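Everything quoted here is computed from the prediction, not taken from an experiment. Start at 1 and go down the list; that is how both ligands and their atoms are numbered.
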Amino acid sequence: MRRMSLPKAYVGLPIQEVGLAVLRGKIDYRIWESTDVPPRERVLEEVRGVEGLLAGIPIRVDAELFDAAPGLRVVSNYAVGYDNIDVAEATKRGICVTNTPGVLTAATADITFALILASMRRVIEANEFLRSGSWKNWEPELLVGREATGSTIGIIGMGQIGQAVAKRAKSFDMEVLYFNPTRKPEAEAAYGARLVSMEELLAESDIVSLHTVFNEKTKNMIGEAELRAMKKTAVLINAARGALVDQKALYRACAEGWIWGAGLDVFVQEPLPLDDPLLTLKNVTTLPHIGSASRAARDGMARKSAENLLAALEGRKPANLVNPGVWEG
Ligand code: DGY
């Protein structure tokens with residue numbers, strides 16, 4: 001039931017109770033309770049009279065949605081990435097956009113290492129080998145993989161998550177290379193990270209790990225040329241956004257042995273269709289976009305996205321404003 005005096009909002013996904021507790025009694029909200037993605041028409045209908053929208057990765061927030069919600073003042077994303085939102089359009093219309101940095105950094109860096117180890121040590125393949133009854137003997141060459149310890153990691157995108165990956169890499173005695181638009185002296189001092197060109201990173205790394213934002217400039221940044229420039233023994237890890245990588249080229253790279261394999265938490269199309277050729281390859285480890293799926297991270301995302309929504313609707317500057325110009329202007 002709506003309470004007339006409170007600002008109205010639509011929560012487009014079933015966020016955790018810790019987030020709803022922030023809103024309760026302060027915001028008149030309706031919530032999409034199902035784990036299915038809300039149909040587009042339903043979202044457009046729900047946002048009609050609201051001032052705030054709490055969105056998530058599967059909800060496209062664009063000019064059509066803004067047209068349907070003339071009173072909208074804030075879109076709070078339940079994610080650190082916000083490529084589901086047309087931020088330029090929001091800014092043009094004076095709508096605040098917020099995200100949830102920080103709370104999912106450790107979880108995403110942890111899953112990156114899970115993918116690194118799974119790919120290099122063939123963990124998923126080994127699990128399936130055992131369960132299928134193929135395990136006959138202890139053999140010297142059984143499921144031999146590559147050693148992560150002491151290898152060279154190339155981190156593309158040295159933001160908070162990239163640096164958390166570098167921190168873990170240091171404890172694995174890895175040499176850390178990075179490619180980033182700006183130098184990160186703090187990562188160089190703490191982890192011995194070295195800023196290199198993309199060419200050097202691809203040529204020298206045993207692990208190439210993506211932690212950069214997705215936009216028109218970074219789309220397909222890893223394509224055929226980049227995959228062919230990697231070592232044949234290297235792995236590609238992607239826990240950022242699927243479309244950073246040309247997925248068809250990646251299939252060929254893994255199938256034809258241009259690289260050793262890949263560990264992927266994200267895909268161009270999500271959910272990844274079950275007939276995708278990547279799923280036929282033993283040297284590709286696939287996860288269903290669970291980088292931030294730890295209890296601590298998801299509760300943190302719920303709390304932060306609710307706090308950002310509430311702040312904007314109460315006229316306070318949200319802590320994680322992606323387009324600060326809207327607030328100042
Ligand atoms: C994000 O936050 O952008 C992740 O992809 C989902 O947690």
Does a donor on one side chain sit under 3.5 Å from an acceptor on the other, for [X] and [Y]?
{"X": "Gln163", "Y": "Tyr191", "value": "no"}
{"X": "Thr149", "Y": "Asp173", "value": "no"}
{"X": "Gln16", "Y": "Tyr78", "value": "yes"}
{"X": "Ser292", "Y": "Arg298", "value": "yes"}
{"X": "Asn308", "Y": "Asn320", "value": "yes"}

| message | Whether the side chain of Asn323 engages the backbone of Val97 through a donor-acceptor N/O pair (distance < 3.5 Å, no angle test) should be reported. | response | yes
Which N or O atoms of ligand 1 sit under 3.5 Å from a protein N or O, and how far apart is each pair?
residue  : atom  : partner : partner atom : Å
ligand 1 : 2 (O) : Val80   : N            : 2.7
ligand 1 : 3 (O) : Gly81   : N            : 2.9
ligand 1 : 3 (O) : Arg241  : NH2          : 2.8
ligand 1 : 5 (O) : Arg241  : NH1          : 2.7
ligand 1 : 5 (O) : His289  : NE2          : 2.7
ligand 1 : 7 (O) : Ser292  : OG           : 2.5

